[in-house]
Amino acid sequence: MKYENSLTFAKALDRADVLRSFRKLFYIPKTGRKPSLYLAGNSLGLQPKSTGRFITEELNDWARLGVEGHFHAKRPWYYFHKFSKKALAGLVGARPSEVVAMNQLTVNLQLMMVSFYQPSGKRFKIITEAGAFSSDQYVFESQVNLHSASEHRFHPEEAIVELQPRPGEFCLRTEDILRAIEDHRDQLALVIFGAVQYYSGQFFNIKAITDAGHRAGAIVGFDLAHAIGNVPLNLHRDGVDFAVWCSYKYLNSGPGGVAGAFVHERHGNNSELRRLAGWWGHDEKNRFEMKKGFQPMPGVDGWQLSNFPVISGAAQLASLEIFERTGMKSLHKKSLLLTGYLEFLLSEMNSDQFLVITPANPSERGCQLSILFRKNGKRVFNTLSKKGVVADWREPDVIRVAPVPLYNTFEEVYRFAEIFQGALTGST
Ligand SMILES: *Cc1c(COP(=O)(O)O)cnc(C)c1O
């Protein structure tokens, strides 16, 4: 597409957008009396107008039925985790038995690491990207410590191999990731990446990394926090061993919304795997017999611990219903155009004050662009906020902007660029 730097052009793209009616399904926050330029769906997705109705249905069933709602609610609570399976499977490219909504992201990452990070004396290393989200770093460190305390003597500094971009670069090259995996092959237990890196916006090559990890004899997992609902995923076909995600970012399930996990079917029924168990992972047919002896549900359902958070899950269903109406294919198509337009407008500014560090190759990113400032970044960010732009600031020097194809428009991207340009000039 040949883009033009004009409001008329942006409006024409909106008119041609087959997904333009979806914006009306969401509440758009306001700055003062005007709708904000909300470009922070990578941090907290917007609320679908249908969410209230989905939650109210559960509240009504609770009021009407009390405990009977477990089996007699419109959506029986006992089986609530099943209602999101089809949509989640579609979003991550999996079979329904390979995905489940449960817990929170960090909890799920800990649970998956208990099962899939099983270091031996020789194989104990974890390869990941440098600068992973803090919570993920704490998980890796605590998992290594858990094992070094009880079985082997190794330490996080030695066990966790963090891959840095080359000097002067901001993203990792796939070839460098593959080489590092190969170099550590004899000691490697686990390869785990944030599929879309939260800071740089880089979308890693899941298939290439998974194949390389497996060739090295390691397990391969991904944190999909910034990938689910943002980029097309094919976890089953790519052979990924496990994955986890949260649902309040691109999945619009609301603050602290129920998270999820994927376990490839080749591991789903492996009772040899160490796992932490709870009654909701136990065979649903005899769960209420309350007997000793854990018998896991088949597939990833066997990793559930507690009974399902129905209110949060109802909010998630409202959003998933919208995703099911669009499909990731058409969303991604619009996303490429929308983010491409943002990139074009930023490049038109010809400024040496900032640099887009997200890969320029559209297949190596989702909708987010990360704008790195050499100086004055925080001042530019504050000006943007005053003018009604909701984006986010990541220490030490990045503004992340995410035009989300479900509800953002080309006109918004154009208006953002206008304000951004003004903020740059104002900050010198
Ligand atoms: C958002 C995010 C988290 C947040 O973890 P919670 O358990 O949901 O609080 C963790 N890791 C990554 C990579 C994230 O992007």
Side-chain angles (χ1 to χ4, degrees), residues 39-46 84 88 91-92 99-114 116-117 126-143 160 162-163 171-172 177 190-204 206 209 220-231 233 235 240 242-262 276 303-306 308-309 311-313 315-316 319 357-358 365-370 390-395 398-402 404:
L39 299 171
N42 55 343
S43 200
L44 186 73
L46 291 182
S84 54
L88 290 172
L91 288 172
V92 301
V99 295
V100 73
M102 61 179 186
N103 310 315
Q104 296 292 336
L105 168 58
T106 307
V107 174
N108 289 341
L109 187 53
Q110 291 281 16
L111 292 180
M112 289 297 127
M113 295 265 305
V114 164
F116 293 105
Y117 177 57
I126 299 172
I127 284 192
T128 187
E129 84 266 19
F133 198 95
S134 58
S135 201
D136 300 46
Q137 294 188 41
Y138 306 147
V139 172
F140 306 154
E141 189 185 321
S142 60
Q143 286 283 335
I160 304 170
E162 298 186 339
L163 305 186
C171 292
L172 284 164
I177 299 174
L190 175 70
V191 177
I192 180 153
F193 278 77
V196 171
Q197 220 284 337
Y198 86 97
Y199 190 77
S200 68
Q202 178 175 18
F203 179 23
F204 293 110
I206 291 182
I209 292 173
V220 184
F222 287 91
D223 183 331
L224 307 179
H226 283 266
I228 190 167
N230 179 21
V231 290
L233 296 164
L235 300 186
V240 171
F242 72 89
V244 291
W245 56 85
C246 56
S247 70
Y248 48 82
K249 292 170 181 166
Y250 296 103
L251 286 197
N252 312 317
S253 302
V258 63
F262 161 90
L276 298 181
W303 271 265
Q304 295 173 99
L305 296 179
S306 294
F308 192 84
I311 305 299
S312 162
Q316 163 146 286
S319 173
I357 60 169
T358 308
R365 67 186 186 204
C367 70
Q368 169 189 326
L369 293 184
S370 303
V390 184
D392 84 7
W393 174 254
R394 283 290 153 216
E395 294 295 345
V398 159
I399 295 176
R400 300 186 307 171
V401 193
V404 170

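In what follows, residues are counted from 1 in the order of the sequence shown. The structure presented is a predicted model; accordingly, all values stated were derived computationally and were not measured. Numbering of ligands and ligand atoms starts at 1, following listing order. Values reported hereafter were calculated over all heavy atoms of this structure, with side chains retained and with hydrogens, waters and symmetry mates removed.
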Donor-acceptor pair, distance only, cut-off 3.5 Å: does the side chain of Ser370 make one with the backbone of Ile357?
no
Which of the atoms of ligand 1 are close to Ala225, meaning less than 4.0 Å from one of its heavy atoms?
12 (C), 13 (C), 14 (C), 15 (O)
With distance as the sole criterion, is a donor-acceptor pair present between the side chains of Gln110 and Ser142 under 3.5 Å?
yes
His226, Lys249, Gln104: member with heavy atom nearest to atom 14 (C) of ligand 1
Lys249
Could you list the residues that satisfy ring-ring contact (aromatic ring centres under 6.0 Å, His included) with Tyr198, not counting sequence neighbours?
Phe133
Can you tell me if Gln304 and Ser306 form a side-chain donor-acceptor pair at under 3.5 Å?
no
Considering non-hydrogen atoms of the protein only, which is the closest contact for atom 12 (C) of ligand 1, and what is the distance?
Phe133 CG, 3.3 Å
Ligand-residue contact atoms, ligand 1 with Thr106, heavy atoms, under 4.0 Å:
5 (O), 6 (P), 7 (O)
For the residue pair Ser135 and Thr106, confirm or rule out a side-chain donor-acceptor distance under 3.5 Å.
yes
Report yes if Tyr248 has an N/O atom closer than 3.5 Å to an N/O atom of ligand 1; otherwise report no.
yes
For atom 11 (N) of ligand 1, what is the closest protein heavy atom, and at what distance to 0.1 Å?
Asp136 OD1, 2.6 Å
Main chain of Asp136, side chain of Asp223: is a donor-acceptor contact present, judged purely on distance under 3.5 Å?
no
Heavy-atom contacts under 4.0 Å between Asp223 and ligand 1: side chain, backbone, both, or neither?
side chain
